[in-house]
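Step one of this worksheet: look at the structure below.
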There are 2 protein chains.
Amino acid sequence: MQQPEDLKKAGLKLTLPRLKILNLFENSSERHLSAEEVYKQLLSTGEDVGLATVYRVLTQFEQAGLLVRQHFDNGKSVFELNKGEHHDHIVCLQCGHVEEFYDPEIEARQERNTSERGFAIQEHVLHIYANCVKENCPNKT
Amino acid sequence: MQQPEDLKKAGLKLTLPRLKILNLFENSSERHLSAEEVYKQLLSTGEDVGLATVYRVLTQFEQAGLLVRQHFDNGKSVFELNKGEHHDHIVCLQCGHVEEFYDPEIEARQERNTSERGFAIQEHVLHIYANCVKENCPNKT
DNA sequence: AATACAAATGAGAATGATTATCATTTGTTA
DNA sequence: TAACAAATGATAATCATTCTCATTTGTATT
Ligand SMILES: [Mn+2]
Ligand SMILES: [Mn+2]
Ligand SMILES: [Zn+2]
Ligand SMILES: [Zn+2]
């Protein structure tokens, strides 16, 4: 809610585009948004910001730790508010809905497998692509 | 070794570019190759094939089940011979070396987490990015 | 072995997401 | 309010990949 503080803390000047974008993430019903989606969302609210700026700000927010970037298998990356705790993703192949999950045992075994082989794990990507079992996929886009 | 059979089985006409590319994968010391790498490898051997053809053939081989495509976090996809058994990857952030691993417990838990949430898992991506601990990273590119 | 024709190839244009340029605007600080 | 670095936005550039289409090649048939 106190975005200005977040921006200041990150050493970022408090500008209109930045406030609008951060605000969008904090109020949108969609948790995972692409640059294009952010751009269009703002346009549709009269709040227009250049697409180049959207890309720049998203990257800055990522570096500042405000957002986390995800690369799903569809060419464009999406961003989400960084809630501090790591999680992995299940992506519905039918409607694109993204579900989040966290399994400490999976995390522990990633760590183990990696260190066993003489590596120090830095980060990882675990994306599961799946079909919704319910007859009516609940989260059509 | 009997590439012609593989191609026929896949319903693919036996052409020079296809033979050369399949041959490259079966003889290269690198297991994971990008389209660009395949293209340059062939050029450097006098065997030249158009880049568009390389892309086309790699995709066809993937669809035929001869190759598997991987998207690491560096913008370009790489292909590897399909050895039938699934595995995940550890990518060295320093030298790009790729290590393969398979952990049945991780696989089982992916399955469980996904089905618990009402999804039928289709495929998944597990890529671990890590730094080689040994003082001299062994697989410089 | 020569012919016929669909399929495959290759050069280069097109695409789509993202980044770079650079002249203009804006936030901050004095 | 002035001063100035930082940020913005329109647009060009990039880069991996795909598309187009005229030419070539593999294969099946005389
Ligand atoms: Mn998420
Ligand atoms: Mn592999
Ligand atoms: Zn995880
Ligand atoms: Zn796996």
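Chain naming here is simple, since letters A, B, ... match the order of the sequence lines and numbering starts at 1 in each.
Of all the residues in residues 70-81 of chain A, not one reaches under 4.0 Å from DNA chain D with any non-hydrogen atom.
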**Q.** Criterion ring-ring contact (aromatic ring centres under 6.0 Å, His included) on A:Phe79 and A:His32, from CA distance to verdict
**A.** CA-CA 5 Å; A:Phe79 297 80; A:His32 304 85; over 10 Å; no

Q: Check the pair B:Glu123, B:His86 against side-chain hydrogen bond (donor to acceptor under 3.5 Å, both in side chains), reporting the backbone distance first and the verdict last.
A: CA-CA 10 Å; B:Glu123 53 177 323; B:His86 165 76; over 6 Å; no

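Between the CD atom of A:Glu47 and the C1' atom of D:dT8 there is a distance of 16 Å, rounded to whole Å. Rounded to whole Å, the distance from CG on B:Leu19 to P on D:dG26 is 10 Å. Regarding B:Gln63, its CD atom lies at a distance of 13 Å from the C1' atom of D:dT18, rounded to whole Å. Atom OH in B:Tyr39 sits about 16 Å away from atom P in D:dT18, given to the nearest Å. Here the P atom of nucleotide C:dT9 and the CG atom of B:Leu7 are 10 Å apart, to the nearest Å. B:Gln60 has its CD atom 13 Å from the C1' atom of D:dT18, to the nearest Å. Rounded to an integer number of Å, the gap from CG of A:Leu42 to C1' of D:dG9 is 14 Å.
When hydrophobic residues (I, L, V, M, F, W, Y) are linked wherever their side-chain heavy atoms come within less than 4.5 Å, the members clustered with B:Leu126 are A:Ile90, A:Phe101, A:Ile106, A:Phe119, A:Ile121, A:Leu126, A:Ile128, B:Ile90, B:Phe101, B:Ile106, B:Phe119, B:Ile121, B:Ile128.
Evaluation of the side chain to side chain contact (heavy atoms under 4.5 Å, CB included) rule for A:Ala35 yields A:Val54, A:Tyr55, A:Leu58 as partners, not counting sequence neighbours. B:Leu81 pairs by the side chain to side chain contact (heavy atoms under 4.5 Å, CB included) definition with B:Leu22, B:Phe25, B:Glu26, B:Arg31, B:Leu67, not counting sequence neighbours.
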Q | Base versus backbone protein contacts along nucleotides 19-30 of chain C [heavy-atom cut-off under 4.0 Å; B, S, -] | A | BBB-----SS--

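Looking at heavy atoms from C-beta onward, A:Glu37 lies out of side-chain contact with A:Glu30 at the 4.5 angstrom threshold.
Counting only residues at least two apart or in different chains, salt bridge (Lys or Arg N to Asp or Glu O under 4.0 Å) contacts with residues 62-75 of chain B comprise B:Glu62-B:Arg69.
Residues A:His87 and A:Glu85 have side chains that never bring a donor and an acceptor to within less than 3.5 angstrom of each other.
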